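First comes the structure, then the notes that go with it.
Here is the naming used below: chain letters follow the sequence lines, and residue numbers restart at 1 for every chain. Source: prediction; values computed, not measured.
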Amino acid sequence: MSENEKDLTIESYLEFLRNKKLMGTKCKDCGAMYVPVRKLCIKCNSTNMEWIEMSGKGEIAAFTTITVGTPFFVEKGYGRNKPYCFSVITLQEGPMVSGQLVGVDESKPDTINVGMPVKATFLETELKGETRVDLGFEPI
Amino acid sequence: MGKLARKVALVGAGMCKFGRNFPLKRNPDMWVDAWIKAVETVDNGIEPKDIDACYVGNYSSDLFNHQGHLGPQMANLVGLTPKPAPRFEGACASSGIALRQAIIAIASGVHDIIAVSGVECMTEVSTTQVTDVLATASDTLFEYPAGATFPGLYAAVASAHFHKYGTTAEDLMRVGIKNHENGKENPYAQMQSSIKEMMQKKIARLEKEGKDVPDWKDEFDYLKSASNPIIASPLRLFDCSLITDGAACLFLAAEDVAKKYTDTPIWITGTGQGSAALSLHDRDDLTSFIATKESARQAYKMSGLGPKDIQICEVHDCFTIAEIVAMEDLGFYEKGKAVEAIKNGETKRDGILPINTSGGLKSKGHPVGATGAAHAVEIFKQMRGIAERNRQVKFDVERAMTHNLGGSGGTCVVHIYQK
Ligand SMILES: CC(C)(COP(=O)(O)OP(=O)(O)OC[C@H]1O[C@@H](n2cnc3c(N)ncnc32)[C@H](O)[C@@H]1OP(=O)(O)O)[C@@H](O)C(=O)NCCC(=O)NCCS
Ligand SMILES: [Zn+2]
């Protein structure tokens, strides 16, 4: 099945991620762009949507380094002495998206800044014998 | 549209002591305590037979206590079965929603008197589990895998606010210091001490143990030290609300019957509710909560009042940054200007706009689903002039507001109260 024939569902979006592709959806009527996927354009109510691959480039809109994490991140080895960075990224194409920010010094949040340019990276985690892929970002 | 078909009054309000109450007190115990306290405040008494329904606000007894279906359980404990007992959920705004729905039901004529309940028991599980349960109020599909926690989401908002308006960590600290000063005066608060007192206690303890005593000049030094660890930068421990067990109870009556219960009803003249995309990344502005703006707009319009008319307000300070953003979104201050007002002491108990006289979620505690109802309890006390200890504001409160924010701003409920 070619990319553009994939159903406009969350599962397809996640499958793209697993294949290390950051895909958005674009409204063919008004041009609005969405990441993650939407089947219904909330700007113009159109269902005339198509998949579009994102460049993965963007900049930090908001971020934080977290010491008291969720069980998933605790399992990944993060904690009081090893914080991780949660970030909201504004993609070059316009939409914002959340991802773990890696390749930064999480113990020195002062060295990370809103507006810093980043690019997408695909983070693999071994969990219960399976590999899961999550969207992440790293400084350019 | 946007009007109440008949007036609705708050005729009684009470809460149980907030704190780490489990296992000594569970949801049923705390709710009955709150009910008894609220009954005591109804001047001419109120009995279950007078009440038409019990509206329960609770976020997640399902995940915190492995107990769903809380409505009838709570109703039965106070003798309200077989009357209707629905439960409302909107994360931390759950009982704010229950209050609003009760107002709408009374205004519509379906019911005359409703008991509103807010309950939450959070300490049955560990902090990691609490963090996980709370995180289900964010977008679990796309924020959670990125590592979002509740402190983390508000910390992200803080990073954007810092960047855009130059807000600083010290500005946040002032919110916590003020709220603890208030909570110290609240016998129902979880942490009844000022930050200065906690600092002095810590110094005394270190001296006694013969350890190095840091030379903290004031609370700010203490708050910048390792005694106040980062939870999610820039938010430290003392920027976070508490993990709390608690319950609150409100009695609402239609104008036709309110006078039977009291000569001094408090009218709820404005109610508003708003929503926003669950994930921060789906919003246009990360320094503001659109659900707050929308609910405030509705409540102001309904009551005919504006931000300048409000004399005191309980705002949802789940994190210190949230109080600052709320002060701006509710229209009290221009964007970026709230921190200056806090610095000038305007929002202290003796300031021109006292905010969170109860101690706020920071010091009073934040049993998430009970918080909206507990906000109204504080306003009831302040408007009646019965706030405990040294907490009562020094002027007659004619017009007040409560602001109850759910999750990372996905839901908001605002109410306006008048004498
Ligand atoms: C910040 C937080 C993670 C701290 O939890 P914790 O690390 O498990 O803390 P503990 O319960 O182990 O307490 C450690 C100490 O800090 C104190 N403490 C805990 N939370 C505190 C807070 N928020 N502010 C000040 N002191 C706090 C405790 O009283 C205890 O003091 P002690 O050692 O003198 O007894 C937790 O309070 C939290 O998650 N708060 C936010 C809750 C939230 O997100 N609510 C929903 C908002 S939308
Ligand atoms: Zn469109």
Side-chain angles (χ1 to χ4, degrees), chain A residues 10-11 13-14 17 34-38 42 58 60-76 78-81 83-91 94-102 106-116 123 125 132-137, chain B residues 125-136 138-167 169 226 229-237 239-240 243 277-287 319 321 408:
Chain A
I10 292 163
E11 194 47 40
Y13 172 82
L14 295 174
L17 274 191
Y34 303 98
V35 184
V37 56
R38 281 189 195 257
I42 58 168
I60 301 178
F63 73 96
T64 175
T65 56
I66 298 179
T67 55
V68 181
T70 55
F72 174 47
F73 276 73
V74 172
E75 214 167 309
K76 286 211 238 178
Y78 295 101
R80 293 254 184 226
N81 301 318
Y84 63 88
C85 186
F86 163 79
S87 66
V88 181
I89 305 298
T90 310
L91 297 172
M96 289 196 288
V97 64
S98 300
Q100 182 186 353
L101 184 65
V102 298
E106 292 92 344
S107 62
K108 294 200 181 71
D110 291 348
T111 61
I112 311 169
N113 294 303
V114 170
M116 232 166 85
L123 306 170
T125 320
R132 63 170 285 159
V133 181
D134 289 299
L135 177 62
F137 288 88
Chain B
V125 298
S126 70
T127 298
T128 308
Q129 284 170 290
V130 170
T131 303
D132 204 39
V133 172
L134 291 171
T136 68
S138 69
D139 178 348
T140 56
L141 274 168
F142 301 116
E143 284 182 325
Y144 188 84
T149 60
F150 260 92
L153 291 166
Y154 280 91
V157 167
S159 77
H161 205 275
F162 280 25
H163 181 75
K164 191 158 172 193
Y165 300 111
T167 310
I230 300 267
I231 302 296
S233 70
L235 303 183
R236 294 170 179 261
L237 183 64
D239 291 302
C240 301
I243 293 173
L278 210 49
S279 352
L280 293 184
H281 63 240
D282 277 333
R283 309 211 187 134
D284 292 332
D285 185 357
L286 297 181
T287 61
F319 298 93
I321 183 66
S408 49

Legend entry - Side-chain heavy-atom pair Ile89(A), Ile60(A) within 4.5 angstrom cut-off: yes
Inset, instruction - Name the option with the most non-hydrogen atom pairs under 4.5 Å to chain A; the candidates are His281(B), Gln129(B), His163(B). - result: His281(B)
Inset, instruction - Working to the nearest 0.5 Å, report the span between OH of Tyr165(B) and OG1 of Thr287(B). - result: 4.0 Å
Legend entry - chain B contact residues among residues 106-116 of chain A, heavy-atom distance under 4.5 Å: Pro109(A), Val114(A)
Inset, instruction - Check whether any side-chain heavy atom of Ile42(A) sits under 4.5 Å from a side-chain heavy atom of Tyr34(A), and report yes or no. - result: yes
Legend entry - Side chain, backbone, both or neither of Tyr144(B) within contact of chain A (heavy atoms, under 4.5 Å): both
Legend entry - Distance in Å, Ile321(B) CD1 paired with Leu153(B) CG, rounded so as to fall on 0.5 Å steps: 13.5 Å
Inset, instruction - Identify which of Gly69(A), Ala61(A), Pro71(A) forms the greatest number of heavy-atom pairs closer than 4.5 Å to chain B. - result: Pro71(A)
Legend entry - Euclidean distance, Ile66(A) CD1 relative to Phe150(B) CZ, rounded to 0.5 Å: 11.5 Å
Inset, instruction - May I ask you to test the Val68(A)-Thr149(B) pair for a side-chain heavy-atom distance under 4.5 Å? - result: no
Legend entry - Reported OG1-to-CG distance for the pair Thr127(B) and Asp132(B), which is rounded to 0.5 angstrom: 12.5 Å
Inset, instruction - Please flag which part of Tyr84(A) lies under 4.5 Å from any non-hydrogen atom of chain B: side chain, backbone, both or neither. - result: side chain
Inset, instruction - Give a yes or no on whether the ring-centroid distance for Phe142(B) and Tyr13(A) is below 6.0 angstrom. - result: yes
Inset, instruction - Select one option (side chain, backbone, both, neither) describing which atoms of Phe73(A) are under 4.5 Å from chain B's heavy atoms. - result: side chain
Inset, instruction - Tell me, for Ile231(B) versus chain A, whether the close heavy atoms (under 4.5 Å) come from the side chain, the backbone, both or neither. - result: both
Inset, instruction - Look up atom NZ in Lys164(B) and atom CG in Leu286(B), then write down how far apart they are to the nearest 0.5 Å. - result: 9.0 Å
Inset, instruction - Counting only heavy atoms closer than 4.5 Å, note whether Asp282(B) contacts chain A via side chain, backbone, both or neither. - result: side chain
Legend entry - Between Gly136(A), Ser87(A), Pro95(A), Gly99(A), the one whose heavy-atom pairs under 4.5 Å with chain B are most numerous: Gly99(A)
Legend entry - CD1-CG distance between Ile230(B) and Asp239(B), expressed to the nearest 0.5 angstrom: 8.5 Å
Legend entry - Which portion of Leu235(B) sits near chain A, non-hydrogen atoms under 4.5 angstrom: neither
Inset, instruction - Just give me the residue among Pro145(B), Ala155(B), Ser279(B) that pairs up with chain A most often, heavy atom to heavy atom, under 4.5 Å. - result: Pro145(B)
Inset, instruction - Would you mind checking which part of Thr128(B) comes under 4.5 Å of any heavy atom in chain A, side chain (CB onward), backbone (N, CA, C, O), both or neither? - result: both
Inset, instruction - Could you check which of Thr67(A), Thr125(A), Ile10(A) has the highest count of heavy-atom pairs closer than 4.5 Å to chain B? - result: Thr67(A)
Legend entry - Any donor-acceptor pair under 3.5 Å from Gln100(A) side chain to Gly147(B) backbone: no
